[in-house]
A.B. asks: 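Okay, here's the structure, questions in a sec.
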Amino acid sequence: MIRIRFGVEDLSRLTFALPGPYCELAVSAQALQQPSSGFRQLWQAERTGPVPPSARQLLDLVPAHGGIPDFLTPDGAGSLDEALDTVQSTPPARLRAELAALPCATQGPSSWVQDLGRGRVAAVEHLGQVLRTYHEHVLEPLWPGIRAAAVRELERRARQLTAEGAAATLNSLHPMIRWRTPVLEVDGPFDADVDLGGQGLRLMPSVWTRPGLALPWRHTTLVYPMPTGGRRHADQPAGCQEALDRLLGATRANVLRALTTERTTSGLAATLGISVASASGHATALRTTGLAVTRRTGQSVRHRVTPLGRAMLRGREW
């Protein structure tokens, strides 16, 4: 668990920021390898072709689970060229240390990853080409919809912060994030204590990651999953989203939104970061009210939204 300690000044310096396509490019590559991630499902729905082999080389540096090399997540880049310049300017010693920590280091890294760890110019230039190709073929086509969803999320949070205050806002970001004055607890695979020291905290929504802290960035940043997940529900007015949250409760409303894609109970739990028992209970309640249906295929139980549920999501009369 991560414990983020706030002072009075930190609460007054709570800010939100839009995700940038360059600081989270590598994180999306990790999510692309996870079948239940919102980003993978978004990419599968929108893709026009397979990921080019040259772009897939990024997966040599980004494991499906666990840590991602920090040098691949530049903060504050205003353009792709600026981000690539920052990545390619990483000192060789840092490249070597962060690549040595990858799981593939125990299985034998590819030759170009070995050359990258040695700081060889050709390998560093190749890394830039790999990142550029991945951005062009995977991330860039999806980004307009992702950004639009993030803008709606920040507008909603700004209204909540004004109307309900910082404590209520922090406590409603995600089931894995809890506010217990004066500490914000974030469930995760490792244990850490972070004292903000009056510098405040930046909150950033994302479509492809579980809650986590980005410490190497200029501002201590907590990244949290967007409840609506990328381009989905783009036609649902912000007021309707809030009304649905009030009607069903935030978690159950998010379950209904997630079921616009058919999911197993465990897949639903993984997508929303809740327990399997909780996911099953919410799916049962939605099925009982006619908003979702359930079918069994072999050993799996699969759930999806009904036409009535879709109408409710869109804020339209049935």
A.B. asks: State the OG1-CG distance between Thr133 and Leu58, to the nearest 0.5 angstrom.
C.D. replies: 10.5 Å
A.B. asks: In Å and rounded to the nearest 0.5 Å, what is the CG to CD1 distance from Leu222 to Ile4?
C.D. replies: 5.0 Å
A.B. asks: For Gly290, does its backbone N or O pair with a side-chain atom of Thr306 as donor and acceptor, under 3.5 Å?
C.D. replies: yes
A.B. asks: Who are the side-chain contact (heavy atoms from CB on, under 4.5 Å) partners of Arg180, not counting sequence neighbours?
C.D. replies: Arg178, Glu185
A.B. asks: Nearest 0.5 Å, what's the CZ-OG1 distance between Arg296 and Thr264?
C.D. replies: 12.0 Å
A.B. asks: Pair Glu153, Arg156 - check salt bridge (Lys or Arg N to Asp or Glu O under 4.0 Å), show working.
C.D. replies: CA-CA 5 Å; Glu153 166 68 6; Arg156 183 170 73 92; 3.0 Å; yes
A.B. asks: Would you please name every residue forming a ring pair (Phe, Tyr, Trp, His ring centres under 6.0 Å) with His137, sequence neighbours left out?
C.D. replies: none
A.B. asks: Once rounded to the nearest 0.5 Å, what's the spacing between atom OG1 of Thr181 and atom CG of Leu11?
C.D. replies: 8.0 Å
A.B. asks: Supply the atom-to-atom distance Met312 CE to Arg310 CZ, rounded to the nearest 0.5 angstrom.
C.D. replies: 14.0 Å
A.B. asks: The criterion is side-chain contact (heavy atoms from CB on, under 4.5 Å); which residues satisfy it with Thr297, sequence neighbours excluded?
C.D. replies: Arg295, Ser300, Arg302
A.B. asks: When you group the ILVMFWY residues by side-chain heavy-atom contacts below 4.5 Å and let the links chain together, are Leu203 and Leu18 in the same group?
C.D. replies: yes
A.B. asks: Membership question, hydrophobic clusters at under 4.5 Å side-chain separation (ILVMFWY): are Val186 and Leu14 in the same one?
C.D. replies: yes
A.B. asks: Got a sec, which residues hit side-chain hydrogen bond (donor to acceptor under 3.5 Å, both in side chains) with Thr15, two or more places apart in sequence or on another chain?
C.D. replies: none
A.B. asks: Not counting sequence neighbours, which residues clear side-chain contact (heavy atoms from CB on, under 4.5 Å) with Glu136? List them please.
C.D. replies: Glu140
A.B. asks: Flag yes if Leu313 and Val293 sit in one hydrophobic cluster, no otherwise; membership is Ile, Leu, Val, Met, Phe, Trp, Tyr, and two members link when side-chain heavy atoms are under 4.5 Å apart.
C.D. replies: no
A.B. asks: Which pairs would a plain distance check flag for residues 25-34, meaning a side-chain donor or acceptor within less than 3.5 Å of a matching protein atom at least two apart in sequence or in another chain?
C.D. replies:
{"unit_1": "Ser28", "atom_1": "OG", "unit_2": "Leu25", "atom_2": "O", "d": "2.6"}
{"unit_1": "Ser28", "atom_1": "OG", "unit_2": "Tyr134", "atom_2": "OH", "d": "2.9"}
{"unit_1": "Gln30", "atom_1": "NE2", "unit_2": "Pro63", "atom_2": "O", "d": "2.9"}
{"unit_1": "Gln30", "atom_1": "NE2", "unit_2": "Gly66", "atom_2": "O", "d": "2.9"}
{"unit_1": "Gln33", "atom_1": "NE2", "unit_2": "Ala29", "atom_2": "O", "d": "3.1"}
{"unit_1": "Gln33", "atom_1": "NE2", "unit_2": "Val62", "atom_2": "O", "d": "2.9"}
{"unit_1": "Gln34", "atom_1": "NE2", "unit_2": "Ala64", "atom_2": "O", "d": "2.6"}

A.B. asks: What residues, two or more places apart in sequence or in another chain, satisfy side-chain hydrogen bond (donor to acceptor under 3.5 Å, both in side chains) together with Arg252?
C.D. replies: His282
A.B. asks: Work out which heavy atom in Val87 is nearest to a heavy atom in Leu72; give both atom names and the distance.
C.D. replies: CG1-CD2, 4.3 Å
A.B. asks: Does Arg56 reach the main-chain N or O of Val51 with its side chain, forming a donor-acceptor pair under 3.5 Å?
C.D. replies: no
A.B. asks: Could you report the tightest heavy-atom contact between Ile274 and Pro175, atom names first, then the distance?
C.D. replies: CG2-CG, 3.6 Å
A.B. asks: Applying side-chain hydrogen bond (donor to acceptor under 3.5 Å, both in side chains), can you list everything that pairs with Arg120, at least two apart in sequence or on another chain?
C.D. replies: Asp115
A.B. asks: Donor-acceptor pairs under 3.5 Å, side chain of residues 123-132 to any protein atom, not counting sequence neighbours: which ones?
C.D. replies:
{"unit_1": "His126", "atom_1": "NE2", "unit_2": "Gln57", "atom_2": "OE1", "d": "2.7"}
{"unit_1": "Arg132", "atom_1": "NH1", "unit_2": "Asp81", "atom_2": "OD1", "d": "3.3"}
{"unit_1": "Arg132", "atom_1": "NH2", "unit_2": "Asp81", "atom_2": "OD1", "d": "2.8"}

A.B. asks: Mark yes or no for whether His174, through its side chain, and Met176, through its backbone, hold a donor-acceptor pair below 3.5 Å.
C.D. replies: yes
A.B. asks: Quick one: do Asp193 and Arg3 make a salt bridge, cutoff under 4.0 Å?
C.D. replies: yes
A.B. asks: Under the rule for ring pair (Phe, Tyr, Trp, His ring centres under 6.0 Å), what residues qualify as partners of Phe6, not counting sequence neighbours?
C.D. replies: Trp179
A.B. asks: So, using side-chain hydrogen bond (donor to acceptor under 3.5 Å, both in side chains) as the criterion, who are the partners of Thr90 when residues are at least two apart?
C.D. replies: none
A.B. asks: Are Thr260 and Arg304 linked by a side-chain donor-acceptor pair shorter than 3.5 Å?
C.D. replies: no
A.B. asks: Is it the case that the side chain of Asp10 and the backbone of Gln199 share a donor-acceptor pair, with hydrogens and angles ignored and the cut-off at 3.5 Å?
C.D. replies: yes
A.B. asks: Considering only heavy atoms from C-beta outward, does the side chain of Arg94 approach that of Phe71 to under 4.5 Å?
C.D. replies: yes
A.B. asks: So, using side-chain contact (heavy atoms from CB on, under 4.5 Å) as the criterion, who are the partners of Thr284 when residues are at least two apart?
C.D. replies: Ser280, Arg287, Thr288
A.B. asks: Between the side chain of Ser278 and the main-chain N/O of Ser275, is any donor-acceptor distance below 3.5 Å?
C.D. replies: no
A.B. asks: Can Tyr224 be reached from Val183 by stepping across I, L, V, M, F, W or Y side chains whose heavy atoms are under 4.5 Å apart?
C.D. replies: no
A.B. asks: State the CG-CD distance between Leu259 and Glu262, to the nearest 0.5 angstrom.
C.D. replies: 9.0 Å
A.B. asks: Indicate if Val8 and Leu161 have the same hydrophobic cluster label, given that clusters are the connected sets of ILVMFWY residues with side-chain heavy-atom separations under 4.5 angstrom.
C.D. replies: no
